[in-house]
Structure formats: C-alpha cells, structure tokens
Number of protein chains: 2
Amino acid sequence: MITVVIVEDVKEIREGLQLLIDGSEGFSCKQAFSTAEEAIEKLPVIYPDVVLMDINLPGINGIEAVRKLKSRCKKTQFIMSTVYEDDESIFESLKAGASGYLLKKTAPVKILDSISEVYNGGSPMSSQIARKVIASFQQKNSIDDSELLTLREKEILKSLAKGLRYKEIAAELNIGLETVRTHTRNIYEKLQVQSRTEAINKIMGQ
Amino acid sequence: MITVVIVEDVKEIREGLQLLIDGSEGFSCKQAFSTAEEAIEKLPVIYPDVVLMDINLPGINGIEAVRKLKSRCKKTQFIMSTVYEDDESIFESLKAGASGYLLKKTAPVKILDSISEVYNGGSPMSSQIARKVIASFQQKNSIDDSELLTLREKEILKSLAKGLRYKEIAAELNIGLETVRTHTRNIYEKLQVQSRTEAINKIMGQ
DNA sequence: TGCACAATCCCCAAAAAAGGGGATATACGA
DNA sequence: TCGTATATCCCCTTTTTTGGGGATTGTGCA
C-alpha cells in the first residue's frame with residue numbers, strides 16, 4: 001500500500017486525483033492540501049510515501065515547499081505536477097529534492113504508474129531533462145583538466161583540498177616543507193587567489 | 001548528417017554497427033576502432049558528433065576512455081554500449097562525461113533513434129539510472145540539513161566555505177571578529193575537525 | 001649553447017587561523 | 001527558578017599560512 005498526499009490548489013484537479021488514488025488497488029490518499037503552507041505544517045506528521053506537488057501554487061510555490069520538506073521527510077518521494085513541460089522549473093524542482101514530475105494532462109493510469117515507479121526507486125523523466133541533470137553534475141571540472149597547473153602542482157592542490165597541512169603534504173609526497181610552500185605559492189599566483197579555500201573553489205568550479 | 005565513430009572490440013558487432021550507420025540516411029560512420037587506446041589517440045582528429053563506446057574493452061575500458069576524451073572533444077557526445085544494464089558502470093560513465101547509453105540487444109532502429117536523440121540534446125536513460133543521477137547532484141546543498149549546527153553556525157560555515165577571512169565574515173554579518181572565531185571553534189568542535197577545509201569537506205559530504 | 005620551466009630547497013617576516021582560558025545577555029524549557 | 005543553549009565579545013598563545021626575497025638541479029627545446 002503506497003500512501004500518497006496531494007498538494008494542489010485547483011479543487012477539481014485535487015479531488016479528481018484523490019478519487020483516482022483512493023479508488024485504486026494498492027494506493028491510499030492520506031490527505032489533500034490546497035496550499036504549500038498547510039502542507040509544510042502537516043506533512044511531517046503524515047509522513048507519506050509519495051507527495052504529488054503542484055509547482056504553481058499561490059503563496060509559497062511547490063519548489064520552495066519541496067526544499068523545505070525534503071530535509072524533514074527524507075523517505076518521502078516528491079513528484080512535481082505541472083501543466084507545461086517547463087525545463088527550467090522542473091530542473092529546479094529536482095535540485096530542490098523532487099524525484100520526478102508529471103504533466104497534468106497525463107492519463108490516470110500513467111499517473112499511478114509514475115507513483116509506483118517513484119516509490120520503487122525510479123525517476124521517470126524526458127531525455128531533455130535528463131541531459132540537463134547529468135550536465136549539472138558532470139560540471140565538476142576536475143583538477144586534472146586544468147592546463148594551467150603542472151602535474152606536481154595538481155598533486156599539491158589535491159592534497160590541499162583534502163585539508164592536509166603543509167607538513168603532512170610534504171611527508172606524503174616525500175618532499176620538503178619549503179617545496180610544498182613554493183608550489184602552493186605558484187598555484188595561488190596562477191589561479192589569482194590568496195588562500196587555500198579560494199583555490200579549491202576556483203579549480204573545482206563553485 | 002551526423003558523424004559517428006564506433007569503439008567496440010568484438011569484430012562482428014563493430015562491423016554490424018558500421019553497416020547499420022553507414023547504410024542509414026543522415027548518418028555517417030567515420031571510423032571504427034577496436035581498442036580504447038587507438039580511439040584516444042585518433043578521435044580528437046576525427047572529432048565526430050557522436051561516439052558509440054563499448055564499456056567492456058580490453059586494456060583501457062570505455063569509461064576511462066570517455067574520461068580522457070571528453071575534455072579534448074567537448075562537442076562530441078558519448079553513448080555507452082553495454083550488454084547488461086549495470087547501474088553502477090552506467091552511472092560511472094555518465095559521471096565520466098557520457099550523455100547516454102544503450103544495450104547491445106537494442107533494435108537497430110532504436111540505436112539510430114538514440115544517436116539522433118543524443119545529438120539533439122537529449123539523454124535517454126531508464127528511470128532507475130535517472131534517480132541515481134539526480135540523487136548524486138541533490139546531495140550538494142547539505143549544509144542546511146545538518147542538525148548538529150545552529151543557524152548562525154551554518155551561516156558562518158557557508159561563509160568559511162566561500163573562502164572569506166574572519167574579518168570579512170564579521171563585516172558581512174555585522175558581528176565582531178571574536179564572535180566569528182567563537183562560532184568557528186564551536187563548529188570545529190562539533191564536527192571534530194581542526195581546520196576550515198576539513199569542516200567544509202565533512203559537512204559537504206566528500 | 002643558452003634559455004625557459006619544472007621541481008626542489010632556504011631565509012625572513014607578517015597575517016591569519018586555531019586552541020586555551022574566560023565573560024555577558026537572552027531565551028527557552030524542565 | 002535553575003540549568004541549558006545560543007549568540008555575542010575579550011584575553012593570551014601557538015601553529016599555520018601567506019608573501020617577499022632568493023638558490024640549485026635537471027630537462028627539453030630553439
């Protein structure tokens with residue numbers, strides 16, 4: 001039995017979804033809210049398996065609601081519900097903690113399928129959205145890609161990023177403390193920064 | 001016309017793919033390699049639109065090959081080709097820079113579809129893989145999730161992560177330098193670390 | 001041959017960070 | 001009301017980092 005909560009401001013859609021879910025084998029609609037504020041307050045108590053969250057809500061929107069709720073309901077999966085396949089807001093929703101989305105025009109059977117799929121560890125999405133998602137996590141331009149730094153400097157920077165002290169780096173690489181310092185100074189010079197954290201942020205791509 | 005290169009060690013599959021692609025309207029197979037080493041050497045010269053890369057290659061595997069090639073062929077899209085839908089290696093491929101994958105048993109028409117889709121900015125993938133991908137980029141914003149730190153401490157830690165100096169943080173938050181120091185000490189105490197970088201690594205989740 | 005560059009080391013000094021000890025005010029709950 | 005937690009500030013000290021000036025060796029290229 002998958003427990004579901006609906007957050008949707010339009011009465012007809014909200015009640016339609018509720019009827020669909022409660023009328024289907026294996027699904028139970030615990031509650032339906034019409035505002036994000038109400039959901040934020042009461043959801044942690046209900047703690048359902050899946051939430052169908054409308055993106056365009058009056059007041060706090062669905063994306064913000066997910067952001068606030070995901071940290072308090074770690075096992076709850078959020079599915080965003082939207083009229084248009086707006087890449088940007090879907091992408092933002094996923095960043096905020098949603099696991100999938102569905103269009104409001106989706107056929108009832110497909111809605112139930114999506115809920116099951118999300119409940120079972122999947123994340124149905126179009127291939128365009130998928131590309132945006134993977135692009136965003138590939139963007140960790142690794143230290144190794146830098147053409148600016150020499151091999152040794154990259155090694156040093158990796159150790160700096162680990163949080164090692166100069167003397168620890170020196171020991172690890174079997175070189176003198178002063179050598180570590182020289183490399184560090186050259187790295188800072190090349191990256192135009194004044195501290196370890198700035199260097200890491202710059203090369204890792206904030 | 002989409003230009004394609006194949007990297008596949010099994011002769012029959014390689015030649016089959018080549019025939020399929022060259023025999024289809026709008027596709028051109030520029031070359032087919034049997035090893036990653038050869039591909040790594042010659043691909044930057046050919047610079048095709050799409051590469052079909054086998055994951056299980058003798059010597060350097062397909063994932064490593066993508067890692068090395070993606071930085072040099074930024075506009076080339078890589079599609080991984082594999083026998084089993086092995087979540088872990090597909091996920092690793094995407095991290096390395098691939099844009100999609102397809103199973104070897106896929107029907108020829110579907111293969112061409114996938115190439116087109118990837119060429120046109122999509123990333124076809126199963127919903128299970130999609131979940132792993134979004135999970136990996138969601139866990140970036142985790143400072144706020146910490147139950148251990150107070151609100152103020154989280155603010156301070158965010159500023160520390162930006163690379164600001166104590167005096168800059170003090171100015172930003174309109175508090176004294178000593179207050180910043182106190183918070184920092186409490187943060188380090190709670191996280192059981194001894195430096196800024198360690199704290200950032202710990203809370204951001206290495 | 002000579003020059004640039006990478007990697008190694010050294011000295012001096014100042015700035016910043018980290019560790020130790022405190023203090024005060026406020027708010028919140030047992 | 002008392003204790004606890006949070007946020008604010010101050011002192012002293014040591015360690016670490018950063019910035020400036022060097023130097024030497026080897027390698028590879030013009």
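Chain identifiers are assigned alphabetically (A, B, ...) following the order of the sequence lines, protein sequences preceding nucleic acid strands; residue numbering begins at 1 within each chain. If you're wondering where the values come from, they're calculated on a predicted model, not measured in any experiment.
One finds no side-chain N or O of A:Arg181 lying less than 4.0 angstrom from the OP1 or OP2 phosphate oxygen of D:dT17. For C:dG20, the OP1/OP2 oxygens have no side-chain nitrogen or oxygen of B:Arg185 closer than 4.0 Å. Taking only side-chain nitrogens and oxygens, B:Thr179 never comes nearer than 4.0 Å to OP1 or OP2 of D:dA7.
Listed nucleotides D:dC10, C:dA18, C:dA7 differ in distance to A:Arg152; the shortest reach to its side chain belongs to C:dA7. Of the listed nucleotides (D:dT18, C:dA18, D:dG20), D:dT18 has the atom at the smallest distance from the side chain of A:Tyr188. In the set C:dA18, C:dA7, D:dA7, the nucleotide with an atom closest to the side chain of A:Leu151 is C:dA7. Minimum atom distance to the side chain of B:Ile175 is reached by D:dC9, of the listed C:dT8, C:dA18, D:dC9. Comparing atom distances between the B:Thr150 side chain and each of D:dA7, D:dC11, C:dG20 picks out D:dA7 as nearest. Distance from the side chain of B:Thr182 is smallest to D:dC9 among D:dT18, D:dA7, D:dC9. If you check C:dA17, C:dA16, C:dA7 against the side chain of B:Tyr166, the one that comes closest is C:dA17.
Between the CG atom of B:Asn186 and the P atom of D:dA5 there is a distance of 12 Å, given to the nearest Å. At whole-Å resolution of the value, NZ in A:Lys167 and P in D:dT18 are 15 Å apart. Atom pair A:Glu189:CD and C:dA6:C1' shows a separation of 16 Å (rounding to whole Å applied). Atom CG in A:Leu173 sits about 15 Å away from atom C1' in C:dA6, given to the nearest Å. Computed from coordinates, the B:Ile156 CD1 to C:dA17 C1' distance equals 14 Å when rounded to whole Å. A straight line from NE2 of A:His183 to P of D:dT18 spans 15 Å, rounded to a whole angstrom. Between the CD1 atom of A:Ile187 and the P atom of D:dT18 there is a distance of 10 Å, rounded to whole Å. Taking atom CG of A:Leu157 as the reference point, atom P of C:dA6 lies 16 Å away to the nearest angstrom.
In this structure, the separation between CE on A:Met125 and NZ on A:Lys132 is 12.5 Å, given to the nearest 0.5 Å.
Mapping A:Gly163 and A:Glu178 onto DNA chain D by nearest heavy atom places A:Gly163 closer to the 5' end of the strand.
Heavy-atom contacts from other residues, nucleotides or ligands closer than 6.0 Å to NZ of A:Lys104 number more than 12.
Residue contacts shown for B:Arg196 are limited to sugar-phosphate atoms, with no base heavy atom under 4.0 Å away.
Looking at heavy atoms from C-beta onward, B:Ser114 lies out of side-chain contact with B:Thr106 at the 4.5 angstrom threshold.
On a pure distance criterion of 3.5 Å, no polar donor-acceptor pair joins the side chain of B:Arg165 and the base of C:dA15.
In summary, B:Arg14 and B:Asp54 do not engage in a salt bridge, as defined by a charged side-chain N under 4.0 Å from a carboxylate O. A salt bridge is defined here as a Lys NZ or Arg NE, NH1 or NH2 lying under 4.0 Å from an Asp or Glu carboxylate O, and B:Glu38 with B:Lys42 meets this definition.
B:Tyr101 and B:Glu85 form a side-chain donor-acceptor contact under 3.5 Å, judged by distance and modelled atom types alone.
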